[in-house]
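Atoms within a ligand are numbered from 1 in the order they appear, just like the ligands themselves.
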Amino acid sequence: MKIKFKYAIYILIIGSFFSLTSCADAGDDSNIAKAIALGSPIINNATDVNSNSFKISWPRVYDADNYELDVATNNTFESYVTGYQAKPVSTLNEQVIGLKEATNYFYRVRAINSSETSKNSAVIQVTTLEGNDPEPTTYLKEASTTFMVGMAVKAEQLTNGSKYDEILKNEFSSISAEYEMKMNIIEPTKGNYDWSKADAIVDYAIANGINVHGHALVWHESAPDWLANYTGTDAEFEQEVKNYITAVLTRYKGKVASWDVVNEAINDSNGALRNSIYRQKMGDNFVAKCFQFAREADPDVLLFYNDYAVTTNKTKQTAIFNLIDDLQANNTPIDGVGFQMHIKYNSPSVDEIKTAVDKAVERDLKLHFSELDVRVNPNKDITTFTTERAVAQKNKIKEVVSVYNAIPLENKYAITVWGMKDDDSWVINQYNNTNEWPLLYDSNFEIKKAHTGFLQGLE
Ligand code: XIL
């Protein structure tokens with residue numbers, strides 16, 4: 001009995017030894033020899049860091065035949081750099097290439113032999129350097145040979161000889177009025193037209209050989225008070241809208257090449273028709289009616305439907321193209337679609353832009369990126385314009401322009417930027433954020449990286 005008890009204790013001791021070793025090598029049920037696991041590499045800091053590459057290295061790991069390298073843009077390794085997810089490396093260093101400037105990267109290495117893979121090394125962070133943007137050798141409108149490059153303007157900015165005027169004439173081949181060709185400005189009180197600002201803009205364009213895109217005939221945000229609070233009958237309301245469209249298109253026939261006939265008719269939340277005063281008074285087919293009025297007044301002008309969040313809000317995107325399908329099915333004259341493109345440094349993705357763009361191309365529409373700006377501080381997490389955000393903005397603009405530049409010639413119209421200098425941008429008021437830098441020029445009229453991104457998108 002005594003002897004048996006002694007054996008039982010031995011068995012317990014040996015048993016716990018085995019279970020301890022298998023704990024140390026969790027998940028591996030092979031023999032004790034396995035307890036000496038393949039060591040993980042001691043990774044070094046990056047060297048030879050420049051704007052698009054860096055070099056990493058590590059000392060040899062005993063018993064390793066090979067290594068595997070991960071490089072990602074986040075430290076949880078969810079978004080890998082293309083080609084650097086578990087990349088096999090047989091030497092003790094690697095030049096990581098094809099990177100973006102001024103961007104954070106994270107890397108780690110594992111050792112491998114024929115029977116096992118080590119744990120990962122520590123994770124090391126490295127930031128690529130800012131690249132040297134060469135001085136541009138061409139202006140935007142010259143570099144863009146197949147579509148116009150537009151600018152949103154205010155009449156007061158169009159003073160001959162000003163810095164603004166110089167840049168506008170050099171770089172841009174089209175203009176849109178930022179707000180002075182909207183109904184609250186042109187017909188502020190019923191029947192009294194004020195053409196002064198609109199005429200100044202159109203005359204400037206004609207004098208300088210610049211295209212004019214008319215913006216915008218029917219927009220709930222710019223309905224003058226007398227129309228927004230209309231007291232007459234629905235038929236009278238509709239007649240007012242028709243009179244307005246007719247008056248504007250007649251005045252600018254042959255001078256304004258294209259118009260946003262209806263702006264922002266679709267709701268963000270559910271893709272339904274926005275319940276604007278126009279819909280309430282003219283019915284669900286108010287959009288079709290407005291396009292008809294426009295076509296009757298000018299048979300040659302290009303007629304656009306214009307809206308925002310077309311690339312990012314899928315419900316809205318579907319609704320907008322359903323609306324356009326209905327117009328086309330009923331032979332309503334529509335020539336094009338405008339994507340406003342008030343976007344962010346990190347959204348939309350290239351794929352999102354392409355998906356939306358394809359829908360316009362499939363329908364034989366002209367496509368206008370009509371109000372481009374790229375917010376770099378949508379979450380208000382920076383107080384100065386960092387190099388990292390400047391680069392991200394540049395890359396986003398490059399993506400936008402290169403997707404646009406790749407569409408067929410017959411679908412092209414223009415990319416219009418919504419303001420020249422950062423401090424003139426409407427987004428500062430719109431989002432109550434003075435820490436925004438959404439445009440191609442800084443407040444001193446200096447070219448930004450975003451401008452370089454536009455040019456690179458055209459290459
Ligand atoms: C904005 C202008 O930038 C502002 O100056 C004006 O006060 C309000 O309108 N979508 C549009 C544009 O279609 O007309 C808007 O422009 C921005 C959002």
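Contacts with ligand 1 closer than 4.0 Å are made by no heavy atom of Tyr308, backbone or side chain. Here Asn263 has side-chain heavy atoms under 4.0 Å from ligand 1, and that is the only part of it that gets that close.
Comparing heavy-atom distances from atom 8 (C) of ligand 1 across Glu178, Glu221, Lys182 singles out Lys182 as nearest.
Proximity of Trp219 to Ser276: side-chain heavy atoms (C-beta onward) are nowhere separated by under 4.5 Å.
For ligand 1, the atoms sitting less than 4.0 Å from at least one non-hydrogen atom of His215 are 11 (C), 12 (C), 13 (O), 14 (O), numbered in the order shown with element in parentheses.
From the protein, the heavy atom lying nearest to atom 7 (O) of ligand 1 is Tyr179 CB, 4.8 Å. With respect to atom 12 (C) of ligand 1, the closest heavy atom belonging to the protein is Glu371 OE1, 3.3 Å.
Below 3.5 Å of separation, one finds no N or O of Trp219 facing any N or O of ligand 1.
The ring pair (Phe, Tyr, Trp, His ring centres under 6.0 Å) test with His342 is passed by exactly one of Trp426, Tyr308, Phe369: Trp426.
Heavy-atom separations between Gln430 and ligand 1 are all 4.0 Å or longer.
By the 30° and 60° cut-offs, the orientation of the rings of Tyr252 relative to Trp259 is tilted. Between Tyr278 and Phe286, the angle of the ring planes stays under 30°, which puts this pair in the parallel group of the 30/60° scheme.
The minimum heavy-atom distance linking Arg279 with Arg274 is given by the pair CD-O, 3.4 Å.
Qualifying salt bridge (Lys or Arg N to Asp or Glu O under 4.0 Å) partners for Lys344, counting only residues two or more places apart in sequence or in other chains: none.
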